[in-house]
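Read the structure below first, then the notes.
What you see below is based on every heavy atom in this structure, not just the backbone, and it leaves out hydrogens, waters and symmetry mates.
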Amino acid sequence: MNTDERGTNRFSVVARTRMAVALVVAGCLALVGLAVTGQASTPERLEFVQVGHWVYNDAAQSAFHVDGSTNRVDARADVPGAANGSQVLQGDDSGYVVERNRITQFDKATLSVEESTPPPAPETPFVMEIAGGPYLVYRNAGQIVRLGDPAATVPAGGPLSRPVATNDGTVWAHRVDNGAICELPKGAAVMTCPAQLPPGHGGGLTLVGDRPVVLDTTGDSLHRVGLDGLGEALPLGIKLSPSAQVANSAVGDRLAIADPERNQLHLIDISGLDQDRPSAKPISVELTKGSRFNGPLSSSNVVAMVDETRGEVLTYDVAGKLKSTAKVPGQGTAPRLAKGEDNRIYVDSSDGSHVLVVNGDDGSVVDVDVDKAANSQTAGAPSAEPEPSGDQPPPQREQRQQAPPNTQQAPPPVARATPPGAPRKVSASSGDGSIKVSWSPAADNGARITGYRLTWTGGSTRVGGSSRGTTISGLRNGTPYVITVIAENSAGIGPGVSAKVVTPGPANRPAGAPVVTANATAAGKVSVSWTQPDLRGGTLVHYLVSVTGQGQRTVTATSAEFTGVTGAATVTVRAVTKFGSGANLTGATGSRKVTVPVVSGPPTITITQVRGKDNTLFVSVNANGKGAPATCTAEFFAETKPVACSGATTLTIPSVAWVGSITITATIKTSAGTATDSWRGVPTVSGGALFWLGPLALVGLRRRKEKELL
């Protein structure tokens, strides 16, 4: 056969192959389009409700997704190096691990880290998962960060109380320095402030019928917020303290307001906001004295609160009846309370070891053990739940129809003397029957600070405007106290700031033992972390950390790394504290034994299964690094990025398509060598063979045919 004939036949084969594949692709796309559309048009401005809740597990250094409908952990994304107690929130396509000094984004499809960015302020933000978001609200710094599309950082102009958001994605915020009520529509980059509380009045925002309402804690009233300002006042029928907190939304015709200073939870009848009739008598529920509370937070039929002192979540119905009480497992600081878009309330333990799921309809509580799932689930592994079949849509999102945001704007309020800002750097330390409190001055906002009010459960005191601290005496040893500091000026009372929980007690009591975690690698590196122990009323100076053969270090953080460790070693951590100007006290020892693994030879890898779903291949391998850290890759036309692997590991090949039988190669690498394994067959879904076809299959098929002809 001459060259021209060979070229003609080659062109003919390739052309026929392209035409055949193109026809099949067109047919598949037509069928898919028909199945998706159902011969019906897609509604305009259709939004999706994010289902479930993400939590960061300190021990596993990973973000886990909890499906509230099944109370199961169904996804894991490794995000190593995040600080203990980091928050996690989700948008349409990405998740975000939020620390005080870093925001790390990961892809929800591949469950791999994409990038990290610095926040606008070094503080823990208030997070919001809403349409057009998610959002991070840095309340003290007065900055609102939108992580959705388009991403933006919006200055609010001053410190904010807890914001709320309507279903159309509009964020409403209350400036605590001047009382302005401002809105940030979905996708906007500038806030407008159509309303303002009277000078000297404190308050907070909530939603009633998906419309913003402001609680005036000074005037003990509720007001609708409109484009023309505040609506008519609805008296509450009760007297509130300045630190009262309003729930995010109403439950039926009742709105929950917590007054921790008076140890009460009130359920206010709000039907009078929209109806010309008197309000019913408020329902008041007594709360545990001496406890510090987080909340209230409302769903459709339930109000939830967290007793931070006792580590419990409490749920109530619209009549104030206690529906459930559940302990929040875990160690560290107080549990975190969050509202999911799926009408459930989620309570995270501070270390991410457990998530309590509160049913928004009946108030029942289910404990999801994240630690247990972390020990059995590989990063990136899909859920063990059966795959949806037939025409069932994947249970990941619910649809909601939203109205376009209100684009009418009003001019911002005129600046004038207003109540003072929040005191800064409020701290407290214990003494024998006393607590020493200190703070930095609050912003005077145009009027001299005339005094600072300090409140706690069972008492209060007032000091002069030039004071920067005081000692509260006559307290009960062994009883925890939360001290709140509030600034005053001629324009009114500013927002309160609370110090951490402090328990008075006799001095010179050494701290308890930290809980230590340690991990060793074959390279001789030992990574150590620990939790802050009970300081027994003292002030932390530093930690003393040691590893066998490495001496002792002085560390101020709660983690450290050692190199050059060999064989079996013991890690010890002790907290050093002091009381006032007294001598340092060394606390009890927390310890953990580790063994540095020894490399026993070259690595091995075996492909155990190949599955396909949504143009993604999941390659299950058994990786054995023989004691050395290993990375694995999978190859199908192109090689994936190396990922850490050990034992049963799933390698993900995204954005691919194939037809019939394919060949996949898996590779493992360590310091001792490289090994590979190949697999050929048809990927399966739900146990059965599946015939896939797409753009990349066309490329692969063309390459294979061209090789056969050459």
Side-chain angles (χ1 to χ4, degrees), residues 56-62 80-86 99-100 311 329-334 349-354 370-372 374-375 429-430 500-503 505-599 627-629 644 646:
Y56 190 79
N57 183 281
D58 294 344
Q61 290 284 285
S62 299
N84 291 351
S86 296
E99 307 169 62
R100 287 175 57 88
Q331 299 177 345
T333 57
S349 63
S350 60
D351 57 2
S353 61
H354 289 259
V370 180
D371 270 352
K372 182 178 180 181
N375 293 332
S429 59
S430 68
K500 64 179 181 180
V501 178
V502 175
T503 303
N508 302 323
R509 295 189 303 162
V515 177
V516 181
T517 302
N519 295 296
T521 68
K525 184 175 72 173
V526 175
S527 300
V528 186
S529 63
W530 57 91
T531 60
Q532 178 175 295
D534 181 2
L535 301 181
R536 308 286 172 79
T539 301
L540 178 67
V541 179
H542 54 248
Y543 294 98
L544 299 177
V545 188
S546 67
V547 174
T548 302
Q550 296 287 314
Q552 183 171 266
R553 295 183 188 176
T554 298
V555 180
T556 57
T558 56
S559 64
E561 285 191 352
F562 294 82
T563 57
V565 182
T566 59
T570 299
V571 180
T572 64
V573 181
R574 295 174 294 170
V576 177
T577 58
K578 67 183 306 181
F579 291 81
S581 59
N584 289 352
L585 297 175
T586 302
T589 300
S591 64
R592 177 72 64 179
K593 293 183 178 180
V594 294
T595 300
V596 177
V598 178
V599 179
S646 177

Heavy-atom pair with the smallest gap, counting every atom of [X] and [Y]:
| X | Y | value |
| --- | --- | --- |
| Thr521 | Pro629 | CB-CG, 4.3 Å |
| Ser591 | Thr570 | CB-CG2, 4.3 Å |
| Ala511 | Leu535 | CB-CA, 4.0 Å |
| Gln61 | Gly81 | OE1-N, 2.7 Å |
| Thr503 | Ser430 | O-CB, 3.3 Å |
| Gly587 | Pro510 | CA-CB, 4.0 Å |

Just by distance, do the side chain of [X] and the backbone of [Y] share a donor-acceptor pair under 3.5 Å?
| X | Y | answer |
| --- | --- | --- |
| Ser349 | His354 | yes |
| Arg592 | Val516 | yes |
| Asp58 | Gly85 | yes |
| Gln552 | Leu544 | no |

Contact between [X] and [Y] at the side-chain level, heavy atoms closer than 4.5 Å - yes or no?
| X | Y | answer |
| --- | --- | --- |
| Leu540 | Gln532 | yes |
| Thr577 | Leu585 | yes |
| Trp530 | Val571 | no |

For the [atom1] atom of [X] and the [atom2] atom of [Y], what is their distance to the nearest 0.5 Å?
| X | Y | atom1 | atom2 | result |
| --- | --- | --- | --- | --- |
| Thr589 | Arg574 | OG1 | CZ | 5.0 Å |
| Tyr543 | Thr556 | OH | OG1 | 9.5 Å |
| Arg553 | Glu561 | CZ | CD | 8.5 Å |

Query raised in the report: Taking atom types as modelled, is there a side-chain donor on Asp371 or Asn57 under 3.5 Å from an acceptor on the other?
Result: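 Note: Asp371 and Asn57 side chains meet the donor-acceptor criterion.
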
